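Heads up, the thing below is written out as structure tokens.
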Amino acid sequence: MNSVQSTTSVDSKYRLNPNNPAYAAQEWQERRWSAQNWFERTAWKTLQGTHYGRDPNEDAPSKYLWDDPLLRQIYLLDIASFITAERTSMLAVSGMVGCAPDESSQIHLSTQVLDEARHLEVFCRRLADFGITPAQREQLERQVTTRAMRNFYDLIHEQVDKKDFIGASLAQNITMEGMAYPIYRYEIRYWSRFDPGLSRIIRGAFADEAHHVSFGESIMKSQLQSLSVEKRNEMVTLLHDMQSLMTEVFEQVIKHYIGLYQEAANNHMDLVGDLEIFPGQTMANMSEEQQARQLLQEIKAEQVARLRHIGVSAFAS
Ligand SMILES: [Fe+2]
Ligand SMILES: [Fe+2]
């Protein structure tokens, strides 16, 4: 735990003790997940100088985002899909605060609710900046929410509604967050030439998602040991169901939207052709479908590593 040294030279009896734990759960790193840390990490660091997550001096978005209807459509659909995920996260995490196991995790989750609310806000703001009305946004959200995506979100809410903290954490902070941050890492690169401002906004959310996944790993590590065999099996089933839905989400996006994405990208290869979308791979030599499959593969590989790290792979044996 970090310590804050007293600057006074008073007798030790009268000195404040910043290292005395404030909460009962001693094994828990209270400072790392504190609201104080949230200010230091987020408000005063990753978001410093931003306005709705963007740099006020950012480069203007490409005019093609207004003039090319295809490009505009995939841009708006991408942001609409971020909005549906962020709303799900905000609502799920706010429900998790009430069933978290200790004060320290309740405090962290409260900061996470604020993060998710902020993500929701900045993406709604971005659509509004592009002239989209709230009614048009809702229509875009409906359009982008495939059946598998709806089921994926519902499964998260189901765990929260049951007040099953372990199930909700695995669904939200391990699976959903674990999916969000490789997607954001990809989207930062994808939109960097068309709209560097959007890339900056996503980068701000990405930093938070990485922190949320890290919290998910820490809390799961401390919670999983005490589970009964029955509960462990239940959690293995939940993880399996979520992973199947996640694959289905990608398959449905590939089936319904990848042609649109490919056509939009083809029209602008002069601008994005040499953009390194994955290490050693450019937009010109990788089709949109290959990109989507590569992204899914990365998400799955990271998920496997994460589950091994928190000890869940042992569940199945
Ligand atoms: Fe988020
Ligand atoms: Fe998150």
Side-chain angles (χ1 to χ4, degrees), residues 1-6 12-47 86-121 155-178 180-181 204-205 207-228 231-232 234-235 238-239 306-307 309-312:
M1 190 192 297
N2 289 349
S3 64
V4 179
Q5 294 302 319
S6 167
S12 61
K13 182 185 171 186
Y14 303 105
R15 223 174 272 159
L16 295 173
N17 183 356
N19 295 322
N20 189 29
Y23 312 110
Q26 295 311 321
E27 82 281 5
W28 193 238
Q29 299 159 286
E30 66 181 49
R31 184 168 164 73
R32 188 173 172 204
W33 307 114
S34 63
Q36 175 65 31
N37 186 45
W38 182 87
F39 280 104
E40 292 170 15
R41 182 186 59 81
T42 311
W44 302 339
K45 196 173 164 198
T46 61
L47 294 179
E86 296 298 354
R87 183 183 300 106
T88 300
S89 296
M90 178 184 74
L91 297 175
V93 180
S94 64
M96 287 166 67
V97 174
C99 57
D102 53 55
E103 291 170 319
S104 190
S105 51
Q106 285 169 351
I107 289 169
H108 167 76
L109 287 166
S110 301
T111 70
Q112 192 178 331
V113 174
L114 186 56
D115 285 336
E116 308 300 4
R118 194 190 70 77
H119 303 163
L120 175 63
E121 181 179 69
L155 202 47
I156 298 171
H157 288 310
E158 221 178 90
Q159 312 313 309
V160 178
D161 291 345
K162 284 191 289 189
K163 297 197 180 299
D164 177 352
F165 182 74
I166 304 230
S169 297
L170 282 177
Q172 173 62 38
N173 273 54
I174 298 293
T175 311
M176 173 78 137
E177 304 280 350
Y181 99 102
D208 297 335
E209 309 304 6
H211 189 62
H212 301 161
V213 170
S214 174
F215 168 80
E217 283 189 6
S218 296
I219 189 120
M220 280 299 96
K221 253 181 161 175
S222 75
Q223 295 285 305
L224 288 172
Q225 281 88 352
S226 55
L227 292 192
S228 65
K231 186 68 184 169
R232 282 175 179 234
E234 202 186 299
M235 291 302 100
L238 172 66
L239 281 170
R306 189 169 307 119
L307 291 176
H309 185 219
I310 63 175
V312 173

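It should be emphasised that the depicted structure is a prediction, and the values quoted were computed from it without experimental measurement.
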*Do the side chain of Asn37 and the main chain of Arg32 share a donor and acceptor less than 3.5 angstrom apart?*
yes
*Do you know which two heavy atoms are closest between Leu109 and Ala100, and how far apart they sit?*
CD1-CB, 3.7 Å
*Does a side-chain heavy-atom distance below 4.5 Å link Met176 with His212?*
no
*Taking C-beta and beyond as the side chain, do Pro101 and Gln223 meet within less than 4.5 Å on heavy atoms?*
yes
*Atom CD in Glu177, atom CD in Gln172: separation rounded to 0.5 Å?*
5.0 Å
*Got a donor-acceptor contact below 3.5 angstrom from the Ser94 side chain to the Met90 backbone?*
yes
*Salt-bridge present (Glu121, Arg118; N to O < 4.0 Å)*: no
_Check: Met220 and Arg306 side chains under 4.5 Å, non-hydrogen atoms_ = no
_Does Met96 form a side-chain contact (heavy atoms from CB on, under 4.5 Å) with Ile156? I'd like the steps, not just the answer._
CA-CA 11 Å; Met96 287 166 67; Ile156 298 171; over 6 Å; no
*Do you know which two heavy atoms are closest between Ala35 and Thr111, and how far apart they sit?*
CA-CG2, 3.8 Å
_Which heavy atom of Ser104 sits nearest to which heavy atom of Tyr23, and what is that distance?_
CB-CD1, 4.1 Å
*Can you spot which of Thr42, Val93, Leu120 makes a side-chain contact (heavy atoms from CB on, under 4.5 Å) with Asp115?*
Thr42
*What distance do Ile174 atom CD1 and Ile310 atom CD1 have between them, rounded to the nearest 0.5 Å?*
4.0 Å
_Quick one, Ile219 and Asn173 - any side-chain contact, counting heavy atoms below 4.5 Å?_
no
*Is Gln225 reaching over with its side chain to a backbone N or O of Lys221, donor-acceptor style, under 3.5 angstrom?*
yes
*Distance (rounded to the nearest 0.5 Å) between Arg31 CZ and Asn19 CG*: 10.0 Å
*Counting N and O atoms only, with roles assigned by atom type, does the side chain of Thr175 sit under 3.5 Å from a partner on the main chain of Leu170, one being a donor and the other an acceptor?*
yes
*With rounding to the nearest 0.5 Å, note down the distance linking CD in Glu217 to CG in Leu307.*
9.0 Å
*If you measure from CD on Glu234 to CG on Leu238, what distance do you get to the nearest 0.5 Å?*
8.0 Å
*Check Ala207 against Thr46 and note the closest heavy-atom contact, atom names and distance.*
CB-CG2, 4.1 Å
*Taking atom CG of Asp208 and atom CG of Leu114, what is their separation to the nearest 0.5 Å?*
9.0 Å
*Take Asp164 and Lys231, measure what side-chain contact (heavy atoms from CB on, under 4.5 Å) needs, and give me the verdict at the end.*
CA-CA 11 Å; Asp164 177 352; Lys231 186 68 184 169; 2.6 Å; yes
*Compare all side-chain heavy atoms of Met235 with those of Leu239 and state whether any distance is below 4.5 angstrom.*
no
*Angle class for the Trp33/Phe215 ring planes (parallel below 30°, perpendicular above 60°, tilted otherwise)?*
perpendicular
_How about NZ on Lys163, more than 12 heavy atoms from neighbouring residues, nucleotides or ligands closer than 6.0 Å, or not?_
no
*Identify the heavy atoms of Glu116 and Ser89 that sit nearest to each other, and give their distance.*
CD-CB, 3.6 Å
*Is there side-chain contact between Val213 and Tyr181, with heavy atoms separated by less than 4.5 Å?*
yes
